[in-house]
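Only one structure is covered here, and it is reproduced in the block below.
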Amino acid sequence: MAQPEDPIAAVKARIRAATISARARRTPADLVRAGSAIAQHGVDRWRGARLVAAYLSLPTEPPTAELLAVLATGGTRIVVPVVTGDALGWADYSPGDETVVGPGGVREPAGPRLGADVLAAADVVLVPALAVDANGHRLGRGRGYYDRALAQVSVPSVAVVFDEELIEEVPIEAHDRPVQGVLRPAGYAWF
């Protein structure tokens, strides 16, 4: 006998599919414009931060490379995630560092791994998202890496999305961890 479909999981799957499809239609010029705007807003907000936990964006995600480059040039220490089993570890990152392709096709620094405790020292954690709502509910890719990582710390976290990915409502489950802000090409906002 078939199990009834989980309605929250079904809505999340629909939002994920629609967002991934829309992202695939973006042109390289769209991505460059979005990355520049995100960098400007991010630098305005975190210039002078001691430590920013960020991520190396996938080709269809809102670009983070320019933001990370400007922050690093200004002296901010950048750490990015590395997948270790079912958890996120972290590694120092500077633009131009050698990277390798990790699980899920995500680029990771090839250098030494840091423990998860480095996250507690971050001024902010920039989190990838497919969608976010004004209550800070974030929709990721469904593997739970960031939900588990954010459950261990109390530092501010900010979802990075394209403008139209700030939506009316993201369905949530008990394990989902909210973010405290959003960074998108149109600007930055706390929730």
Side-chain angles (χ1 to χ4, degrees), residues 5-46 52-71 78 80-83 88 93 95-96 99-109 124-147 150 157-173 176-191:
E5 184 178 24
D6 176 358
I8 292 175
V11 172
K12 284 182 168 185
R14 283 194 297 275
I15 295 170
R16 279 188 187 102
T19 302
I20 290 169
S21 177
R23 284 181 172 187
R25 292 188 299 273
R26 289 186 184 278
T27 68
D30 293 337
L31 294 170
V32 168
R33 281 190 297 275
S36 291
I38 286 168
Q40 182 61 56
H41 298 302
V43 169
D44 288 349
R45 180 74 182 128
W46 297 295
V52 171
Y55 63 95
L56 303 177
S57 54
L58 293 169
T60 59
E61 288 180 328
T64 58
E66 187 175 340
L67 172 60
L68 300 184
V70 175
L71 289 174
I78 307 291
V80 297
V82 293
V83 176
L88 290 181
Y93 175 76
T99 61
V100 296
V101 177
V106 177
R107 291 178 303 124
E108 301 177 345
V124 66
V125 180
L126 301 180
V127 182
L130 291 168
V132 66
D133 68 23
N135 293 312
H137 301 138
R138 169 192 157 272
L139 180 66
R141 293 192 177 262
R143 296 183 199 114
Y145 288 114
Y146 277 92
D147 291 317
L150 294 174
S157 57
V158 174
V160 182
V161 296
F162 291 110
D163 292 329
E164 67 277 3
E165 295 167 356
L166 177 57
I167 64 174
E168 186 174 318
E169 182 180 9
V170 171
I172 59 169
E173 298 172 273
D176 291 328
R177 295 288 178 246
V179 294
Q180 289 73 51
V182 63
L183 175 61
R184 57 195 184 116
Y188 172 82
W190 281 112
F191 297 132

Is it the case that the side chain of [X] and the backbone of [Y] share a donor-acceptor pair, with hydrogens and angles ignored and the cut-off at 3.5 Å?
{"X": "Ser157", "Y": "Val125", "value": "no"}
{"X": "Asp163", "Y": "Ala186", "value": "yes"}
{"X": "Ser36", "Y": "Val32", "value": "yes"}
{"X": "Glu108", "Y": "Gly102", "value": "no"}
{"X": "Arg141", "Y": "Leu130", "value": "no"}
{"X": "Glu165", "Y": "Phe162", "value": "yes"}
{"X": "Arg26", "Y": "Ala22", "value": "no"}

Report yes if some heavy atom in the side chain of [X] is under 4.5 Å from a heavy atom in the side chain of [Y]; otherwise report no.
{"X": "Trp190", "Y": "Gln180", "value": "yes"}
{"X": "Val160", "Y": "Pro128", "value": "no"}
{"X": "Val158", "Y": "Val179", "value": "no"}
{"X": "Ile38", "Y": "Thr64", "value": "no"}
{"X": "Leu150", "Y": "Val127", "value": "yes"}

With sequence neighbours left out, write down each residue that passes side chain to side chain contact (heavy atoms under 4.5 Å, CB included) with Ile8, or none if nothing qualifies. Asp6, Lys12, Pro171, Glu173
Any donor-acceptor N or O pair under 3.5 Å, side chains Arg23, Thr19: no
Looking only at heavy atoms, what is the nearest atom pair of [X] and [Y], with distance?
{"X": "Pro63", "Y": "Ala34", "value": "CD-CB, 4.3 Å"}
{"X": "Ala134", "Y": "Leu166", "value": "N-CD1, 4.2 Å"}
{"X": "Pro81", "Y": "Leu88", "value": "CB-CD2, 3.9 Å"}
{"X": "Asp133", "Y": "Val170", "value": "OD2-N, 2.9 Å"}
{"X": "Val161", "Y": "Arg184", "value": "O-CB, 3.1 Å"}

Could you list all the ring pair (Phe, Tyr, Trp, His ring centres under 6.0 Å) pairs where at least one residue sits in residues 14-46, not counting sequence neighbours? Trp46-Tyr188
Can you measure from [atom1] ([X]) to [atom2] ([Y]) and round to the nearest 0.5 angstrom?
{"X": "Ile15", "Y": "Ile167", "atom1": "CD1", "atom2": "CD1", "answer": "4.0 Å"}
{"X": "Arg45", "Y": "Leu183", "atom1": "CZ", "atom2": "CG", "answer": "10.5 Å"}
{"X": "Leu126", "Y": "Leu67", "atom1": "CG", "atom2": "CG", "answer": "6.5 Å"}
{"X": "Glu61", "Y": "Tyr55", "atom1": "CD", "atom2": "OH", "answer": "5.5 Å"}

So, using side-chain hydrogen bond (donor to acceptor under 3.5 Å, both in side chains) as the criterion, who are the partners of Thr99 when residues are at least two apart? none
With Arg16, which residues qualify under side-chain hydrogen bond (donor to acceptor under 3.5 Å, both in side chains), at least two apart?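 Partners of Arg16 by the side-chain hydrogen bond (donor to acceptor under 3.5 Å, both in side chains) criterion come out as none, since no residue qualifies.
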Would you please name every residue forming a salt bridge (charged side-chain N to carboxylate O under 4.0 Å, His left out) with Glu66, sequence neighbours left out? none
Salt bridge (charged side-chain N to carboxylate O under 4.0 Å, His left out) partners of Arg177, counting only residues at least two apart: none
